Amino acid sequence: MTAPPGRRERKKAATRQKIADTALRLFLARGYDAVGIRDVAAEADVAVTTVFSHFASKEALVFEQDQEFEQRLTQAVTGRAPREPLIPLLRREIHALVRHCSAEGSTQTWNLIQDSPALRQYEESMRLRHAESLAAALTADPDLSRSSTACRALARFTIEAFALAREAADPDAAVDEIFQMIEAAWAATASE
């Protein structure tokens, strides 16, 4: 059992969330390009250096849960019990991600992303990074007995499942349909 976070960690997390919430509110109100880091810092009542100690870039302010999602995907692989089926775990994480990103109020954020070339490019690089991290976890797992190509393909298809489902009329049904195909392809790569 992990110990609950201490006071310092809680304050740090609260500051990070305050900065992210403030940035998103400003971006939605004024437009992404019209708001600078100094504006976010002033509105959140923190120093510019504090913003950069929590977020590597202006784009990262919009994708504040990026690292958490990446960790959850890799932990679906590294934290699973021996012989526990992999594909249902990945499906569960993609369902959670899709639900988070299609929750009430998220439409404005996705419109913001679609309207900004910088945010679209950041999202694409973020998805590629997630796929590489997931592929590394899959390739390193000796119980999977798959080629690195099969692991990289599974990782890419898993990440793309999110993007495709997010655009679907019924995102949950889309995730399930995509993962049926992913599961069949993964089974076909099993070594005998």
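What you are looking at is a predicted structure, and each value in this text was computed from that prediction instead of being measured.
- A 4.5 Å side-chain heavy-atom check between H95 and D172 finds at least one atom pair inside the cut-off.
- Note: the hydrophobic cluster containing L89 does not contain L73 (ILVMFWY, side chain heavy atoms under 4.5 Å, direct or indirect links).
- Sequence neighbours left out, the pairs with a member in residues 27-56 that pass salt bridge (Lys or Arg N to Asp or Glu O under 4.0 Å) are R25-E43.
- Formation of a donor-acceptor pair under 3.5 Å by the E9 side chain with backbone atoms of G6 is found in this model.
- A side-chain donor-acceptor contact under 3.5 Å links R146 to the backbone of W186.
- In this structure, the side chain of Y32 engages the main chain of E59 through a donor-acceptor pair within 3.5 Å.
- Ion pairing between E123 and R166 holds under the 4.0 Å rule for side-chain N and carboxylate O.
- Applying the side chain to side chain donor-acceptor pair (under 3.5 Å) test to R120 and every residue at least two apart in sequence or in another chain returns nothing.
- With sequence neighbours left out, the salt bridge (charged side-chain N to carboxylate O under 4.0 Å, His left out) criterion links E64 to no other residue.
- By the neighbour-count criterion of 12 heavy atoms within 6.0 Å, atom CZ of F63 is densely surrounded, having more than that number from other residues, nucleotides or ligands.
- Within the 4.5 Å cutoff, side-chain heavy atoms of M126 are placed close to those of R129.
- Taking the ring centre of Y122 as origin, the terminal cationic atom of K58 falls outside the region bounded by 6.0 Å and 45° from the ring axis.
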